[in-house]
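See structure below.
All figures in this text were calculated on a predicted structure; none of them were measured in a lab. Numbering starts at 1 and runs along the sequence shown. Each ligand, and each atom within it, is numbered from 1 in the order the structure gives.
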Amino acid sequence: MGEEKRLFPKTVFYFMSEKKHVAILGSTGSIGTQTLEVIKSHPDKFEVEVLTAQNNADLLIQQALEFRPNCVVIVNELHYQKVKDALLHTEIKVYAGEKALAQVVEMDTIDVVLTALVGYSGLLPTIKAVQAGKQIALANKETLVVAGELITQLARENGVNIYPVDSEHSAIFQCLVGEFHNPIEKLILTASGGPFRGKTREFLKYVTKEQALKHPNWDMGAKITIDSASLMNKGLEVIEAKWLFGVSQEKIEVIVHPQSIIHSLIQFEDGSIKAQLGLPDMRIPIQFALTYPERLKADFPRFDFAKYPSLTFEQPDVDTFRNLNLAFQAIKQGGNAPCILNAANEVAVAAFLRDEIGFLEMSDLIEETLQKSCFIEHPNLEEYIETDKMSRIITEQLIKSKV
Ligand SMILES: NC(=O)C1=CN([C@@H]2O[C@H](COP(=O)(O)OP(=O)(O)OC[C@H]3O[C@@H](n4cnc5c(N)ncnc54)[C@H](OP(=O)(O)O)[C@@H]3O)[C@@H](O)[C@H]2O)C=CC1
Ligand SMILES: CC(=O)[C@@H](O)[C@H](O)COP(=O)(O)O
Ligand SMILES: [Mn+2]
């Protein structure tokens with residue numbers, strides 16, 4: 001069975017004749033709203049239990065009135081009264097704050113928690129959900145980047161499966177169906193290359209956030225779109241793949257595929273390669289994560305081979321886009337290094353989005369933060385939390401010293 005410690009099911013636990021009760025963390029975002037589209041098209045299959053937002057009270061209220069969850073959480077407490085007033089004449093419970101976000105996932109009525117929060121904020125609610133034995137549909141890749149070892153160990157201890165929502169990991173998962181017992185020789189993650197594919201470092205020095213936010217193929221939240229432009233998204237996905245599929249980083253390759261039609265590939269030990277293809281549409285992986293092992297009929301637009309006469313591939317330019325190698329180095333180092341990388345990246349992306357730093361400076365900050373942070377080989381949860389906090393301080397100080 002090789003080194004694999006896969007989290008995927010030995011047994012089938014979902015029977016789609018029963019309604020699945022879903023908590024969506026981050027329901028107002030790109031993944032959250034698409035999850036609700038999937039749920040809306042299968043009212044006989046799903047029930048919404050929990051919806052959450054950080055600031056977008058208006059959309060949260062609208063979603064709550066339409067999907068009638070058991071409860072909602074507005075994380076920013078300043079918006080609590082507005083949400084409470086709007087839902088006053090309903091039976092929907094309204095909570096506010098980070099603690100509430102981590103607590104609601106424990107509700108008895110929830111079967112599966114879909115984590116569509118952005119960044120490190122997904123870590124604690126995911127841990128609570130796993131400890132409560134909830135199945136996880138994971139979009140929030142940063143959770144596995146920060147603490148993949150801890151999360152996967154907790155998942156095993158609690159009999160929890162982590163179903164990937166991220167398109168590349170869903171592709172790998174889909175290719176693994178029927179192959180769970182077969183060792184993986186290599187995982188090949190595809191990358192679009194982002195809006196700056198083929199550009200030089202000279203060009204990248206002056207790019208704006210508006211340019212960086214124009215992803216060629218996917219319409220996503222701001223943070224992941226910047227990560228895609230800098231290739232950090234692929235770096236985070238390498239780390240995510242390592243933990244999801246129990247494959248060491250030496251067996252993970254990244255190939256640039258600008259059309260984003262092949263979502264990723266597995267090479268098995270007989271040399272055979274399996275791939276999953278489709279138009280770039282997150283509703284497919286979202287639905288599969290919620291319905292595995294079944295595939296529900298859906299009317300998502302179909303891929304037409306005639307419209308794509310050439311699917312192309314090229315090596316990533318890791319000299320120009322340094323983040324990919326920084327991520328490989330961090331996962332090779334192990335311990336809290338990926339947690340440091342993630343914290344520095346989140347601070348750097350936020351600073352880039354505030355026009356405080358240039359595009360290339362993001363990699364410099366991440367590299368310097370990794371050098372300056374204290375390495376811990378086997379961190380516990382408190383040490384991950386402390387690492388995240390300290391790394392953010394270091395990156396913020398580095399930014400201040402540069403401006
Ligand atoms: N979008 C995509 O196609 C893909 C996304 N992913 C991953 O999925 C996750 C979500 O991405 P995406 O949907 O694009 O992100 P968005 O920014 O579109 O949405 C994020 C959601 O999380 C909420 N949120 C943001 N910050 C916090 C916080 N600190 N605490 C609590 N809630 C918070 C937001 O609330 P509010 O609306 O109120 O701000 C919103 O509901 C990310 O980890 C991303 O990497 C993975 C693959 C594809
Ligand atoms: C849709 C999805 O899964 C994103 O993570 C996407 O893959 C981003 O595209 P890049 O390949 O440009 O990072
Ligand atoms: Mn992805």
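Heavy-atom proximity to Met282, at under 4.0 Å, picks out these atoms of ligand 2: 1 (C). Distances below 4.0 Å separate heavy atoms of Ser167 from the following atoms of ligand 2: 1 (C), 2 (C), 3 (O), 7 (O). Close approach of ligand 1 to Gly26 is summarised as follows: ligand atoms under 4.0 Å from at least one heavy atom of the residue are 21 (C), 22 (O), 41 (O). Of all atoms in ligand 1, numbered sequentially from 1 with element shown, those under 4.0 Å from a heavy atom of Ala139 are 6 (N), 7 (C), 8 (O), 43 (O), 46 (C). Distances below 4.0 Å separate heavy atoms of Ser228 from the following atoms of ligand 2: 8 (C), 9 (O), 10 (P), 12 (O), 13 (O). Heavy-atom contacts of Ala191 reach the following atoms of ligand 2: 11 (O) (cutoff under 4.0 Å). Every atom of ligand 2 with a heavy atom of Lys141 under 4.0 Å away is listed here by number and element: 5 (O). Here is the list of ligand 1 atoms found below 4.0 Å of a heavy atom in Val75: 31 (C).
Ala116 O, 3.4 Å is the protein heavy atom nearest to atom 21 (C) of ligand 1. Summary of contacts: the protein heavy atom closest to atom 45 (O) of ligand 1 is Lys141 CE, 3.2 Å. Given atom 26 (N) of ligand 1, the protein heavy atom at minimum distance is Val118 CG1, 3.5 Å. Scanning all protein heavy atoms for the shortest distance to atom 6 (N) of ligand 1 gives Ile224 CD1, 3.6 Å. In this structure, atom 9 (C) of ligand 1 lies nearest to the protein heavy atom Leu117 O, 3.3 Å. For atom 43 (O) of ligand 1, the closest non-hydrogen atom of the protein is Glu142 OE1, 2.7 Å. For atom 17 (O) of ligand 1, the closest heavy atom belonging to the protein is Gly221 CA, 4.0 Å. When only non-hydrogen protein atoms are considered, atom 39 (O) of ligand 1 lies nearest to Gln54 CB, 3.8 Å.
Ligand 1 has no nitrogen or oxygen under 3.5 angstrom from a nitrogen or oxygen of Thr52. Ligand 1 has no N or O atom lying under 3.5 Å from any N or O atom of Ala53, backbone or side chain. The N/O atoms of Asn56, backbone and side chain alike, include one that comes under 3.5 Å of an N/O atom in ligand 1. For ligand 1, the polar-atom distance check against Met220 finds no nitrogen or oxygen pair separated by under 3.5 Å. On a distance-only criterion, Thr28 and ligand 1 share at least one N/O pair closer than 3.5 Å. Checking only distances, Asp219 never comes within under 3.5 Å of ligand 1, N or O to N or O. Between Ser30 and ligand 1, an N or O atom pair is found at a separation short of 3.5 Å. Residue contacts with ligand 1: Gly29 is placed with a nitrogen or oxygen under 3.5 Å of a nitrogen or oxygen of the ligand (distance criterion only). Annotation: Met282 places no N or O atom under 3.5 Å from an N or O atom of ligand 1; distance criterion only.
Contacts between Glu240 and ligand 2, counted as non-hydrogen atom pairs separated by less than 4.0 Å, are absent for every part of the residue. At a heavy-atom distance under 4.0 Å, only side-chain atoms of Ser121, from C-beta outward, approach ligand 1. At a 4.0 Å heavy-atom cut-off, ligand 2 touches Ile224 through the side chain alone.
Relative ring orientation between Phe359 and Phe321 is described as perpendicular, the plane-to-plane angle rising above 60° on a 0-90° scale split at 30° and 60°. In this structure, Phe180 and Tyr292 have perpendicular ring planes: the angle between them is above 60°, well past the 30° mark.
Distances shorter than 4.0 angstrom occur between a heavy atom of His215 and an atom of ligand 2. Using a 4.0 angstrom heavy-atom cutoff, Gly32 does not count as in contact with ligand 1. At least one heavy atom of Met220 sits less than 4.0 Å from an atom of ligand 2.
Side-chain contact, Glu168 with His263: no donor N or O sits under 3.5 Å from an acceptor N or O. A side-chain donor from one of Ser192 and His215 sits under 3.5 Å from a side-chain acceptor of the other. Between the side chains of Gln62 and Glu66, no donor-acceptor pair is found at a separation under 3.5 Å.
For the Mn ion (ligand 3), the nearest N, O or S atom contributed by Glu168 is named OE1. Within Glu237, OE2 is the N, O or S atom that lies nearest to the Mn ion (ligand 3). Counting just the N/O/S atoms of Asp166, the one with the shortest distance to the Mn ion (ligand 3) is named OD1.
Less than 6.0 angstrom separates the ring centroid of Phe303 from the ring centroid of Tyr308.
A salt bridge links Asp166 with Lys141: the distance from a Lys NZ or Arg NE/NH1/NH2 to an Asp or Glu carboxylate oxygen falls below 4.0 Å.
Interatomic distance, Ile331 CD1 to Leu341 CG, rounded to the nearest 0.5 Å: 9.5 Å.
Because its NZ or CZ atom is both nearer than 6.0 Å to the ring centre of Phe203 and within 45° of the ring axis, Lys199 counts as a cation-pi partner of that residue. Judged by a 6.0 Å distance limit and a 45° cone about the ring axis, Arg283 is not positioned over the six-membered ring of Phe288.
Counting only heavy atoms from C-beta outward, the side chains of Leu65 and Arg68 approach each other to under 4.5 Å. At a threshold of 4.5 Å between non-hydrogen side-chain atoms, the residues Gln287 and His42 count as touching. Residues Glu77 and Glu98 fail the side-chain proximity criterion, which asks for heavy atoms closer than 4.5 Å.
Other residues, nucleotides and ligands contribute at most 12 non-hydrogen atoms within 6.0 Å of the NZ atom of Lys332.
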